Amino acid sequence: MNKGSQKATVCVIGLGYIGLPTACILADAGFNVIGVDVRPEVVEKTNAGDVHIEEPDLDLVLRRAIRSGRLKASTSPQPADIFMICVPTPHHADHSPDLTYVEQASKNIRPFVQAGNLIVLESTSPPKTTDEVVCKYAIPDHLEVGYDVYVAHCPERVLPGRILFEAVHNDRVVGGMTPACTDVAVKFYEQFVKGKVLGTNALAAEVTKLVENSFRDVNIAFANELSMLCGSLGVDVWEVIELANRHPRVKILNPGPGVGGHCISVDPWFLVHTAPELTPLIRTARTVNDSKPHFVINQVAQAASQLDRPVIGCLGLTYKADVDDIRESPAIDIVRALNKSGVGEVLACDPHVDPVRCPDLKMVDIDEVVQRANILVLLTDHMEFREISFESIRHCTLVDTRAFWRNQMRGVGQEVLPLRRAA
Ligand code: SAJ
């Protein structure tokens with residue numbers, strides 16, 4: 001295979017939040033890239049130079065990649081030097097991992113895998129997936145891993161909203177099935193990554209990635225637990241955190257409406273599922289973060305019970321600011337629960353979400369939500385909401401799950417929940 005050359009062909013399986021930016025970065029770095037997705041509309045859009053996800057500057061890089069002729073999208077894999085699997089790894093309702101997409105992607109590339117190829121799993125995966133799924137389903141019987149073909153796990157580590165920068169500048173962990181696999185995969189990543197490329201084995205790479213997201217989940221759970229505790233004590237959680245963080249060895253994260261997205265709210269379960277009896281802390285953190293939306297719903301219901309005709313304006317549906325991703329979003333769960341509960345009329349507003357994606361919700365623009373609501377619930381701190389003038393919402397009860405208005409409102413005497421105890 002042409003591992004050492006910039007002319008190598010890379011077949012990227014999955015053109016989602018990770019695969020599409022990765023394919024563009026590889027094309028920019030001089031590789032010939034085949035981007036594969038089972039969704040024909042995604043393939044068509046990609047070939048037309050149109051992005052189907054929202055990510056800063058991705059449109060520019062995609063257009064450049066398509067114009068250069070180095071990126072072509074297709075619904076089926078093609079022969080290549082390197083195969084990168086970038087497909088979703090969701091979990092089932094009981095939190096057990098759903099590896100269907102990795103299995104299917106592995107089966108789909110198998111007819112094209114030849115001696116000398118490198119196969120990399122980028123999808124965040126439960127321990128042993130590289131061995132038990134990728135090696136099992138992607139490698140033809142006559143090829144031996146570590147001798148004829150090379151297989152490695154290199155988990156993506158990019159933060160949505162900063163993907164193009166982080167995909168190149170973050171350090172990467174590359175774990176091969178054998179030392180030879182690690183060596184080949186490290187050399188490949190070193191061609192386009194500016195951060196350090198750290199070699200290890202596949203299992204260590206799998207566990208490392210899950211540990212990173214579990215670390216963040218546990219720390220966010222601590223902040224969320226504090227916010228509920230401080231709510232019941234009637235003390236401002238953000239002030240407490242601000243003060244505690246002035247200690248040189250304390251760095252508490254931010255409370256919010258809960259933890260969403262397709263990563264942090266899912267990946268810790270892979271560790272819990274692997275060894276339930278050894279992971280009580282990780283499980284508890286998941287439970288605490290999953291309980292936070294109910295706390296917010298209760299706060300809003302309590303505020304609504306004080307008004308004759310509550311009109312609840314919910315600002316933000318995505319799982320975090322300035323992205324269009326509503327997967328596992330606590331914000332959307334809260335809005336849907338309020339909508340069903342009958343505690344008042346519910347209006348939803350999110351400039352990043354096309355109303356056709358939420359046909360069950362009454363979606364309005366910023367002007368309308370500000371005009372009509374008497375309770376405003378800030379769920380996602382999108383930049384666009386900064387345009388809302390302070391005066392225009394003076395009449396509203398504010399439920400501020402992210403300290404968005406807190407600093408502005410301090411000093412003018414307007415009460416902002418959760419400063420007040422929830423029911
Ligand atoms: N959140 C809080 N409080 C905080 C920080 C985050 O409530 O102080 C919430 C966010 O609002 C959001 C959720 O947590 O709902 C997750 O957001 P995030 O920005 O922490 O992380 P993600 O899910 O966008 O990306 C994470 C990153 N992992 C780590 O920071 C350890 C990213 O580097 C990973 O590549 C990504 O998961 C992934 O794909 O695994």
Side-chain angles (χ1 to χ4, degrees), residues 14 16-22 53-56 86-91 121-126 153-173 195 205-228 237-238 241-242 244-245 251-271 282 285-286 288-293 295-296 315-334 352 378-382 400-404 418:
Y17 285 90
I18 302 302
L20 183 59
T22 304
I53 53 171
E54 204 176 89
E55 180 62 31
C86 304
V87 295
T89 44
H91 60 169
L121 174 67
E122 279 234 359
S123 315
T124 304
S125 300
H153 180 48
C154 178
E156 58 83 9
R157 295 175 126 179
V158 289
L159 194 72
R162 285 172 53 82
I163 292 181
L164 291 175
F165 179 85
E166 292 205 355
V168 174
H169 291 88
N170 286 1
D171 293 347
R172 298 299 298 260
V173 176
E206 288 161 345
V207 176
T208 300
K209 166 64 198 237
L210 299 176
V211 163
E212 290 164 12
N213 279 357
S214 301
F215 171 87
R216 197 150 167 85
D217 199 43
V218 167
N219 283 281
I220 298 169
F222 182 69
N224 277 333
E225 185 163 296
L226 287 186
S227 75
M228 296 185 272
V237 67
W238 283 294
I241 290 175
E242 213 170 278
N245 282 348
K251 182 74 192 86
I252 302 170
L253 294 180
N254 300 310
V259 168
H262 200 52
C263 312
I264 296 190
S265 66
V266 176
D267 302 345
W269 287 118
F270 294 164
L271 287 179
I282 299 172
R286 276 287 65 243
V288 169
N289 285 331
D290 278 351
S291 73
K292 191 64 196 288
F295 180 85
V296 176
L315 298 177
L317 293 173
T318 63
Y319 83 99
K320 67 176 187 176
D322 308 325
V323 298
D324 66 348
D325 195 343
I326 51 175
R327 290 177 299 175
E328 320 277 339
S329 171
I332 208 160
D333 289 347
I334 289 167
H352 296 262
L378 190 289
L379 296 167
T380 316
D381 43 350
H382 290 311
D400 183 358
T401 68
R402 297 205 187 246
F404 186 78

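Each ligand, and each atom within it, is numbered from 1 in the order the structure gives. Being a predicted model, the structure only gives us computed values, none of them experimental.
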Any nitrogen or oxygen of [X], main chain or side chain, under 3.5 Å from a nitrogen or oxygen of ligand 1?
{"X": "E212", "value": "no"}
{"X": "T124", "value": "no"}
{"X": "V158", "value": "yes"}
{"X": "R157", "value": "yes"}

Open item on the list: I'd like to know if C263 contacts ligand 1, where contact means a heavy-atom distance under 4.0 Å to any ligand atom.
Closed with: yes

- [ ] Return yes when K209 approaches ligand 1 closer than 4.0 angstrom through a heavy atom, no otherwise.
- [x] yes

[X] side chain to [Y] backbone, donor-acceptor under 3.5 Å:
{"X": "E122", "Y": "P155", "result": "no"}
{"X": "H153", "Y": "L121", "result": "yes"}
{"X": "S329", "Y": "G260", "result": "no"}
{"X": "E156", "Y": "S123", "result": "no"}
{"X": "R172", "Y": "G195", "result": "no"}

Provide, to 0.1 Å, the distance between [atom] and the closest protein heavy atom, together with that atom's residue and name.
{"atom": "atom 19 (O) of ligand 1", "value": "K320 NZ, 3.0 Å"}
{"atom": "atom 9 (C) of ligand 1", "value": "I220 CD1, 4.1 Å"}
{"atom": "atom 31 (C) of ligand 1", "value": "N213 OD1, 3.3 Å"}
{"atom": "atom 39 (O) of ligand 1", "value": "E156 OE2, 2.5 Å"}
{"atom": "atom 21 (O) of ligand 1", "value": "I264 CD1, 3.6 Å"}
{"atom": "atom 22 (P) of ligand 1", "value": "Y319 OH, 3.7 Å"}

Quick test of your reading of the structure: of [options], whose heavy atom lies closest to [atom]?
{"atom": "atom 25 (O) of ligand 1", "options": "L210, L159, D325", "answer": "L159"}
{"atom": "atom 13 (C) of ligand 1", "options": "G316, G260, A321, G161", "answer": "G260"}
{"atom": "atom 3 (N) of ligand 1", "options": "T89, N254, V266, V211", "answer": "N254"}
{"atom": "atom 20 (O) of ligand 1", "options": "E166, R216, K292, E122", "answer": "R216"}

TODO: List the steps, then state whether side-chain hydrogen bond (donor to acceptor under 3.5 Å, both in side chains) holds for H262 with T124.
DONE: CA-CA 10 Å; H262 200 52; T124 304; over 6 Å; no

TODO: With I252 as reference, evaluate L226, N219, V237 under the side chain to side chain contact (heavy atoms under 4.5 Å, CB included) test and give the passing residue.
DONE: L226

Open item on the list: What I'd like to find out is whether the side chain of K320 reaches to under 4.5 Å of the side chain of L159, using heavy atoms alone.
Closed with: yes

Task: Heavy-atom side-chain proximity of N213 to K209 below 4.5 angstrom - done: yes

Open item on the list: The test is side chain to side chain contact (heavy atoms under 4.5 Å, CB included); show your working for E166 and R157 and say whether it passes.
Closed with: CA-CA 8 Å; E166 292 205 355; R157 295 175 126 179; 5.9 Å; no

Open item on the list: Counting only heavy atoms not in E225 (residues, nucleotides, ligands), do more than 12 fall under 6.0 Å from its CD?
Closed with: no

TODO: Enumerate the atoms of ligand 1 whose separation from the nearest heavy atom of P160 is less than 4.0 angstrom.
DONE: 24 (O), 25 (O)

- [ ] Could you see which bit of R402 sits under 4.0 Å from ligand 1, with heavy atoms only: side chain, backbone, both or neither?
- [x] side chain

